[in-house]
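The next block holds one structure in the form of structure tokens; read it before the comments.
Position 1 is the first residue of the sequence, and the numbers go up from there.
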Amino acid sequence: MEKYMRDRLSIKQGKFQLSTRAKITLFAALVAVLPTSGFCTASLILSLNYVATTADISHPTSIPWLTDKSQCQRTHRIWRDNKCWDYEHNPMF
């Protein structure tokens, strides 16, 4: 009868009781992981925002394979200083 009561008590309390040391370790790991993942998420969002804003800025560049004025104007670019300039060049290209 006594064995039956002990078995019943252990089932009621649960088989997987964590010690205080394990609880502290688990809490410390959680405290370390949450800010780290939050920082990584914030960094990703900010970097995506930076890429989106820099993609809108144009950087003029000369097009070396267009060597005369008519070819340049045909592609809707600007001929200046004997070079064909593209003012809509995107550095993300």
Side-chain angles (χ1 to χ4, degrees):
M1 184 74 164
E2 192 175 317
K3 183 178 183 318
Y4 174 74
M5 290 297 282
R6 245 186 284 143
D7 289 344
R8 193 175 161 136
L9 241 154
S10 68
I11 290 171
K12 193 174 187 179
Q13 289 177 351
K15 290 183 180 181
F16 300 107
Q17 290 292 319
L18 289 177
S19 68
T20 304
R21 185 177 290 172
K23 288 178 184 177
I24 291 171
T25 305
L26 188 61
F27 180 74
L30 182 67
V31 166
V33 167
L34 285 178
T36 304
S37 62
F39 176 75
C40 291
T41 303
S43 296
L44 176 66
I45 290 170
L46 290 175
S47 68
L48 290 175
N49 188 26
Y50 176 75
V51 168
T53 56
T54 56
D56 297 338
I57 300 171
S58 65
H59 299 275
T61 188
S62 67
I63 311 297
W65 58 88
L66 296 176
T67 55
D68 74 359
K69 188 175 181 176
S70 63
Q71 285 179 330
C72 181
Q73 290 175 340
R74 197 173 326 134
T75 58
H76 305 289
R77 295 181 173 106
I78 297 172
W79 183 258
R80 189 178 56 160
D81 300 328
N82 290 326
K83 290 183 180 178
C84 185
W85 290 92
D86 181 7
Y87 284 91
E88 296 179 9
H89 180 72
N90 187 338
M92 301 298 288
F93 176 64

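Considering every non-hydrogen atom in both Pro35 and Leu30, the closest pair reads CD-O, 4.4 Å. Between Trp85 and Arg77, the shortest heavy-atom distance links the atoms O-CB, 3.2 Å.
Atom CG of Asp68 sits about 7.5 Å away from atom CZ of Arg74, to the nearest 0.5 Å. Separating the CH2 atom in Trp79 from the OG1 atom in Thr67 is a distance of 6.5 Å, to the nearest 0.5 Å. Taken to the nearest 0.5 Å, the OG1 atom of Thr41 stands 11.0 Å off from the CG atom of Leu46. Note: Ile63 CD1 to Thr61 OG1 = 5.5 Å, rounded to the nearest 0.5 Å.
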